[in-house]
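This report concerns only the one structure given below.
Order of appearance sets the numbers: ligands from 1, and atoms from 1 within every ligand.
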Amino acid sequence: MTPSFTPTLSPEVAEALANGAPVVALESTIITHGMPWPRNLESAREVEADLRAAGAVPATIAVIDGTLHAGLTDPQLEALAQTRNAAKLSRADLAASLARGGTGATTVAATMIGARLAGLGVFATGGIGGVHKGADQSFDISADLQELARTPVTVVAAGAKAILDIPKTLEVLETLGVPVIAYGQDTFPAFWSREAGVAAPLRMDSAAEIAAAHRMRAALGIEGGQLVANPIPSEAEIPRDVMEPAIARATEDAARHGITGKAVTPYLLQRIYELTEGRSLAANRALVRNNAKLAAGIAHALCSGT
Ligand code: PSU
Ligand code: MN
C-alpha cells in the first residue's frame with residue numbers, strides 16, 4: 001500500500017531535506033510518558049541541541065490537533081511536555097488519532113512510521129519496548145518489535161530496560177528478522193548498565209558501517225529496520241544492585257494495582273524513578289544524548305553515501 005500522507009515538516013527539517021542534509025527523528029512518548037515534568041522538557045531540549053551541535057537537524061515526531069508533525073518548534077515541544085494525560089500513540093492508535101483531530105505522543109513504533117513518511121532513515125531514543133517479564137501469562141509484547149520488522153528505519157537505543165525479559169526480547173527480534181547491532185562491544189547492553197550478560201547477534205564499530213548495512217537491506221528489498229544497541233557511557237551507569245530491587249518492586253506494584261496494556265511501561269518507568277530517587281532519570285538523560293550523537297553520525301553517513 002503506497003501512503004498518500006505527508007507529515008508537516010518544521011521549517012528546519014524541510015530545509016535540511018531539500019538540501020540532502022542529515023536529519024534524525026526523535027520520539028515523543030519519552031517526553032509525555034517516559035520522564036516527569038520539567039525534566040522531560042529539559043531532556044528533549046538537550047537532545048535537540050546535541051543533534052544540532054553534531055550537524056544534524058532534530059525531527060521530533062508527534063500528533064498535535066490531528067496533524068502529524070516531523071520537527072516541532074520550541075513552543076510546540078514545551079506545550080507537549082506540559083500536556084497531562086497526553087495519548088500514547090503506537091501503530092494501532094495513529095490513524096484514529098489523526099482522523100479524529102487528536103493530540104498525542106508517538107512510541108518507537110509510531111515514530112518509525114512518522115519517520116518513514118517524512119523520508120527519514122534514522123531515529124534516536126532511550127529504550128525500546130519489548131517482551132515483558134511474565135509475558136508467558138500476560139502476552140505483553142510491545143508493538144515496537146513488529147515495527148522494527150516492517151518499517152525501514154534504523155533505531156538507536158541503549159538496549160532494553162531490565163523491566164523487560166531481555167533474552168526473550170532478543171529471541172522475538174531474531175524470529176522477526178530484525179538485525180540487532182551492538183555498537184562497539186560484543187554483548188547486548190541493558191539500558192542502565194553496559195552489560196546484559198547476553199551476546200549481541202551483531203557488532204559494528206562505526207556509524208558508516210551501520211549506514212551501509214541500512215542501505216544494503218533496502219537494496220536487497222528486505223523490509224524492516226535495524227536496532228542499534230548503544231551502551232550507556234560508563235560514568236552514567238547504575239550498578240545492578242541498585243536497579244534490581246527497584247525493578248522487582250515496581251513490577252510487583254504493577255501487578256498488585258492491576259496495571260495492563262499500554263499503561264504498563266509508563267507505570268514501571270514512573271515507579272522506578274520514584275524508587276531510585278531520580279538516579280535512573282539522570283542515567284536515562286545521559287544515554288539518550290549518547291544515542292543522539294551516534295544517530296547523527298549515521299544520518300551523516302546516510303547522506304554522504306559513505
Ligand atoms: N522504554 C523506555 N522509555 C520509554 C519507553 C520505553 O525506557 O519512554 C516508551 C517508548 O515510547 C516505547 C514505549 O516505544 O514506551 C513502549 O511501550 P509499550 O511497551 O506499551 O509498547
Ligand atoms: Mn505492552
Side-chain angles (χ1 to χ4, degrees), residues 25-37 39-40 43-44 47 60-63 80-81 86-94 104-115 123-149 151 153 155-166 168-169 172-173 178 189-193 196 225 227 229-230 232 236 238 243 246-247 250-251 254-255 258-273 276 280-291:
L26 297 167
E27 65 154 306
S28 44
T29 295
I30 189 172
I31 303 173
T32 56
H33 294 72
M35 293 185 188
W37 168 265
R39 307 285 163 250
N40 59 347
S43 175
V47 173
T60 300
I61 311 274
V63 175
L80 189 70
K88 173 181 162 189
L89 307 175
S90 189
R91 166 180 275 261
D93 317 288
L94 193 57
T106 51
T107 63
V108 168
T111 302
M112 290 179 74
I113 295 170
F123 156 30
T125 186
I128 60 156
V131 180
H132 278 263
K133 289 186 166 140
D136 51 333
Q137 293 295 315
S138 68
F139 278 45
D140 190 349
I141 303 176
S142 175
D144 293 351
L145 302 183
Q146 286 270 10
E147 203 61 48
L148 281 161
T151 299
V153 174
V155 178
V156 183
K161 280 206 164 122
I163 58 175
L164 301 175
D165 185 321
I166 292 174
K168 286 196 180 71
T169 299
V172 171
L173 287 167
V178 176
F191 201 84
W192 289 294
S193 56
L227 175 62
N230 186 27
I232 185 172
I238 307 186
M243 291 313 306
I247 292 164
T251 308
I259 310 289
T260 56
K262 61 207 281 182
V264 172
T265 298
Y267 178 90
L268 293 174
L269 298 179
Q270 174 59 34
R271 198 72 191 100
I272 288 166
Y273 295 142
T276 63
S280 66
L281 184 55
N284 205 342
R285 283 173 68 169
L287 65 83
V288 182
R289 299 183 68 174
N290 192 46
N291 295 341

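- Residue-level proximity to ligand 1 for T107 is carried by backbone and side chain together, each with a heavy atom below 4.0 angstrom.
- Near D144, with a cut-off below 4.0 Å to any heavy atom, the atoms of ligand 1 are 12 (C), 14 (O), 16 (C).
- Each of the atoms 10 (C), 11 (O) of ligand 1 lies under 4.0 Å from some heavy atom of E27.
- In terms of polar-atom proximity, K262 is not counted as a contact of ligand 1, lacking any N or O under 3.5 Å from an N or O of the ligand.
- In terms of polar-atom proximity, V108 is counted as a contact of ligand 1, with an N or O under 3.5 Å from an N or O of the ligand.
- Electrostatic pairing of D136 and K168 does not count as a salt bridge here, judged by no charged N lying under 4.0 Å from a carboxylate O.
- A heavy-atom distance below 4.5 Å is not found between the side chains of I163 and F191.
- For T169 (side chain) and D165 (main-chain N/O), a donor-acceptor pair under 3.5 Å exists by modelled atom type.
- Here is the list of ligand 1 atoms found below 4.0 Å of a heavy atom in K161: 2 (C), 3 (N), 7 (O).
- No side-chain donor-acceptor contact under 3.5 Å links S43 to the backbone of R39.
- If you number the atoms of ligand 1 from 1 as listed, the ones under 4.0 Å from a heavy atom of F191 come out as 7 (O).
- For atom 8 (O) of ligand 1, the nearest non-hydrogen atom of the protein is I30 CA, 3.5 Å.
- Which parts of ligand 1 touch K88 is read off a 4.0 Å heavy-atom cut-off, strictly below it: atoms 17 (O), 18 (P), 20 (O).
- The one candidate from H132, K161, H33 that meets the side chain to side chain contact (heavy atoms under 4.5 Å, CB included) condition with T265 is H132.
- Closest to atom 15 (O) of ligand 1, if we only count protein heavy atoms, is T265 CG2, 3.6 Å.
- A side-chain N or O of E27 and one of T125 form a donor-acceptor pair less than 3.5 Å apart.
- Listed for the D144 side chain is no donor-acceptor partner under 3.5 Å among the backbone atoms of I128.
- Contacts of M35 with ligand 1, taken as heavy-atom pairs under 4.0 Å, are absent altogether.
- One option in A157, G159, G127, G34 has a heavy atom closer to atom 5 (C) of ligand 1 than any other, and that option is G127.
- Those atoms of ligand 1 that come under 4.0 Å of a heavy atom in S142, given as number and element, are 18 (P), 19 (O), 21 (O).
- Between the side chain of N291 and the main chain of L287, a donor-acceptor pair closer than 3.5 Å is present.
- Residue D140 approaches the Mn ion (ligand 2) most closely through its N/O/S atom OD1.
- With a heavy-atom cut-off of 4.0 Å, L269 touches ligand 1 through its side chain alone.
- Of all atoms in ligand 1, numbered sequentially from 1 with element shown, those under 4.0 Å from a heavy atom of T29 are 11 (O).
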* To do: Give the C-alpha distance, both sets of side-chain angles, the deciding distance and a yes or no for side chain to side chain contact (heavy atoms under 4.5 Å, CB included) between T251 and L268.
  => CA-CA 7 Å; T251 308; L268 293 174; 4.3 Å; yes
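- In summary, the side chains of T107 and T29 do not present any donor paired with an acceptor at a separation below 3.5 Å, with no hydrogens or angles considered.
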